[in-house]
Visitor: 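The structure follows.
The chains referred to below are lettered A, B, ... by the order of the sequence lines, with proteins before strands, and numbering in each begins at 1.
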Amino acid sequence: MGRAYTSSKGGFNRVAWTPHEDKRLTNYISIHGPGKWERLAKELGLNRCGKSCRLRWLNYLRPGIKRGNFSKDEEDLITRLHKLLGNKWSQIAGRLPGRTDNKIKNHWNTYLAKKAKELHFMTLPRLHMEKECPASSTGEKTGEQDTQLVNEAM
DNA sequence: AAAGAAATCAACCGCGGCACC
DNA sequence: CGGTGCCGCGGTTGATTTCTT
């Protein structure tokens with residue numbers, strides 16, 4: 001559970017958040033709201049940059065975050081959305097309440113990508129391979145088109 | 001039972017866009 | 001109009017845990 005990073009390897013400082021820091025951050029946000037991360041970091045006086053605080057809040061402390069494994073439904077949805085949108089993790093996360101882009105990205109990179117590939121070969125052996133991101137060749141799709149496609153997928 | 005591989009989770013980095021001066 | 005700085009995003013890394021052999 002609790003993770004004790006011993007690292008401070010090569011001048012680079014990857015340090016786990018302590019419960020105390022979490023508390024300070026949560027408390028500050030409960031008063032001032034999220035945002036203004038630079039200022040927040042400065043005022044809290046933690047040894048953290050604004051980005052770090054933002055990340056911690058968004059991916060971990062923010063209320064409503066769903067823990068635990070992805071359900072089959074969630075995995076299917078992620079797979080479909082990824083096919084549609086590519087690596088637009090924040091957009092995908094927007095469709096999965098309580099799931100963060102980081103977590104979805106992690107899960108994809110370590111598991112679903114492989115699975116999707118296997119599935120692709122097993123079930124669709126004759127379809128020509130699609131380019132990874134069909135939208136990018138002709139420029140960006142509009143947001144509206146995305147929304148429409150996504151709704152169809154759901 | 002131990003070593004090595006794979007998976008998971010949390011955190012960092014650089015870049016591009018946008019807002020503001 | 002150009003420069004500057006903050007923010008959000010996606011890519012990536014590193015530590016730890018779980019699975020396999």
Visitor: In whole Å, I'd like the distance from the NE2 atom of A/His107 to the P atom of B/dA10.
Guide: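 A/His107 atom NE2 is separated from B/dA10 atom P by 14 Å.
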
Visitor: For A/Lys51, report the nucleic acid contact type (base, sugar-phosphate, nothing); a contact means any heavy atom under 4.0 Å.
Guide: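 Result for A/Lys51 = base.
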
Visitor: Please state how far atom CG in A/Leu46 lies from atom P in B/dA11, giving the value in whole angstrom units.
Guide: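 Rounded to whole Å, this separation is 13 Å.
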
Visitor: Does A/Asn109 put a side-chain nitrogen or oxygen below 4.0 Å from OP1 or OP2 of C/dT12?
Guide: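 It does not, given that no N or O in the side chain of A/Asn109 lies less than 4.0 Å from OP1 or OP2 of C/dT12.
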
Visitor: Under 4.0 Å from OP1 or OP2 of B/dA6: is there any side-chain N or O of A/Thr110 that close?
Guide: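 So the side chain of A/Thr110 is outside the cut-off, no N or O lying under 4.0 Å from OP1 or OP2 of B/dA6.
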
Visitor: Restricting to non-hydrogen atoms, name the atom on A/Ala93 and the atom on A/Thr100 that form the minimum distance, rounded to 0.1 Å.
Guide: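 Closest heavy-atom pair between A/Ala93 and A/Thr100: CB-C, 4.0 Å.
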
Visitor: Under a 4.0 Å N-O cut-off, is there an ion pair linking A/Glu21 with A/Arg56?
Guide: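 Looking at A/Arg56 together with A/Glu21, the answer is no, because their closest N to O distance does not fall below 4.0 Å.
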
Visitor: On the nucleotide C/dG8, are OP1 or OP2 found under 4.0 Å from the side-chain N or O atoms that A/Trp37 carries?
Guide: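 Yes, such a contact exists.
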
Visitor: Round to the nearest Å and state the distance from A/Arg62 atom CZ to C/dG8 atom P.
Guide: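 Rounded to the whole Å, the gap is 12 Å.
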
Visitor: Determine: side-chain N/O of A/Arg48 to OP1/OP2 of B/dA11, distance under 4.0 Å, yes or no.
Guide: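 It does not, given that no N or O in the side chain of A/Arg48 lies less than 4.0 Å from OP1 or OP2 of B/dA11.
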
Visitor: Can you see which heavy atom on A/Thr79 is nearest to which on A/Trp108, and at what distance?
Guide: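 Nearest pair, atom of A/Thr79 first, then A/Trp108: CA-CZ3, 4.1 Å.
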
Visitor: Is it the case that the base of B/dA10 and the side chain of A/Asn106 share a donor-acceptor contact (distance under 3.5 Å, atom types as modelled)?
Guide: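 Per atom types, the contact qualifies.
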
Visitor: I need the NZ-P distance between A/Lys105 and C/dT12, as an integer number of Å.
Guide: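 Those two atoms, NZ and P, are 10 Å apart.
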
Visitor: Think A/Arg54 has a side-chain N or O under 4.0 angstrom from the OP1 or OP2 of C/dC9?
Guide: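 Yes, because at least one side-chain N or O of A/Arg54 sits under 4.0 Å from OP1 or OP2 of C/dC9.
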
Visitor: Less than 3.5 Å between a donor and an acceptor, one on the side chain of A/Asn59 and one on the base of B/dA11, is that the case here?
Guide: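 When only heavy-atom distances are counted, A/Asn59 does not reach the base of B/dA11 through any donor-acceptor pair under 3.5 Å.
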
Visitor: With both distances kept under 3.5 Å, what pairs with C/dC1, Watson-Crick or G-U wobble?
Guide: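 Partner of C/dC1: none.
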
Visitor: Just N and O in the side chain of A/Ser52: are any of them under 4.0 Å from OP1 or OP2 of B/dA11?
Guide: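 For B/dA11, neither OP1 nor OP2 has a side-chain N or O of A/Ser52 closer than 4.0 Å.
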
Visitor: Determine the interplanar angle of the A/Phe70 and A/His107 rings, folded into 0 to 90°, and report it as parallel if under 30°, tilted if 30 to 60°, perpendicular if over 60°.
Guide: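 The arrangement is parallel - the two ring planes meet at less than 30°.
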
Visitor: Taking CH2 from A/Trp17 and P from C/dG14, how many angstroms apart are they, rounded to a whole number?
Guide: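 After rounding, the reported distance stands at 21 Å.
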
Visitor: Among B/dC12, B/dT8, C/dG10, which nucleotide sits nearest the side chain of A/Trp89?
Guide: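 Taking heavy atoms from C-beta onward, the closest nucleotide is C/dG10.
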
Visitor: Measure from CD1 on A/Ile104 to P on C/dT12 and round the result to the nearest Å.
Guide: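 Going from CD1 in A/Ile104 over to P in C/dT12 covers 19 Å.
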
Visitor: May I ask you to say whether A/Asp76 pairs ionically with A/Arg80, meaning some side-chain N is under 4.0 Å from a carboxylate O?
Guide: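 Salt bridge absent between A/Asp76 and A/Arg80.
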
Visitor: If I take atom NZ in residue A/Lys103 and atom P in nucleotide C/dC9, what distance separates them, rounded to the nearest angstrom?
Guide: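 The distance from NZ of A/Lys103 to P of C/dC9 comes to 18 Å, rounded to the nearest Å.
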
Visitor: Hey, does the side chain of A/Trp108 come within less than 4.0 Å of C/dG10's phosphate (OP1/OP2), counting only N and O?
Guide: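 No.
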
Visitor: Round to the nearest Å and state the distance from A/Asn69 atom CG to C/dT18 atom C1'.
Guide: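 Those two atoms, CG and C1', are 12 Å apart.
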
